[in-house]
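Since we're looking at a predicted model, the values are computed, not measured.
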Amino acid sequence: MSILGILQAVLSLANTLMGYVSDRNLMDAGEAKSVAKGLSDAMDAIHRAKRARASVNMDADSLRDDPNNRDTLRGP
């Protein structure tokens with residue numbers, strides 16, 4: 001085998017390895033974007049829940065007429 005054949009084989013192997021590394025980096029970047037979007041969506045949901053909870057009037061009279069209040073005793 002000549003020097004050119006060996007050099008061609010080494011460069012071919014390096015090219016294949018660089019393609020694998022490039023693909024792996026793209027997959028990792030896609031995964032990171034997906035995780036970041038999931039965390040952002042979760043934080044938005046938490047903020048919406050906190051705003052909804054803060055807007056509820058929590059005095060004793062506000063829950064007396066609530067038809068979904070299970071704490072009141074209702075007769076048959």
Side-chain angles (χ1 to χ4, degrees):
M1 200 181 254
S2 68
I3 295 292
L4 291 177
I6 294 172
L7 185 58
Q8 184 180 7
V10 168
L11 289 176
S12 176
L13 179 64
N15 188 26
T16 303
L17 183 62
M18 290 304 294
Y20 171 76
V21 169
S22 176
D23 289 346
R24 187 69 188 159
N25 285 339
L26 289 173
M27 287 190 290
D28 288 345
E31 182 181 1
K33 283 183 181 179
S34 177
V35 168
K37 183 177 179 343
L39 290 174
S40 176
D41 291 346
M43 288 300 294
D44 289 343
I46 289 169
H47 288 299
R48 280 194 314 272
K50 284 183 177 182
R51 282 194 305 268
R53 189 171 113 186
S55 70
V56 172
N57 186 9
M58 293 300 290
D59 61 352
D61 292 332
S62 67
L63 297 177
R64 287 196 180 150
D65 296 329
D66 185 3
N68 297 318
N69 186 359
R70 297 183 205 179
D71 293 335
T72 60
L73 295 175
R74 294 187 184 124

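- Hydrophobic cluster of Met27: no remaining members, since no ILVMFWY side chain lies below 4.5 Å from it.
- Atom CD1 of Ile3 has 12 or fewer heavy atoms from other residues, nucleotides or ligands within 6.0 Å.
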List the atom pairs, with distances to 0.1 Å, where a side-chain N or O of residues 35-48 and a protein N or O form a donor-acceptor pair under 3.5 Å, not counting sequence neighbours.
from: Lys37; atom 1: NZ; to: Asp41; atom 2: OD2; distance (Å): 3.0

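- The side chain to side chain contact (heavy atoms under 4.5 Å, CB included) test applied to Asn25 returns Val21, not counting sequence neighbours.
- Within the structure, side-chain hydrogen bond (donor to acceptor under 3.5 Å, both in side chains) contacts touching residues 1-23 (residues at least two apart or in different chains) do not occur.
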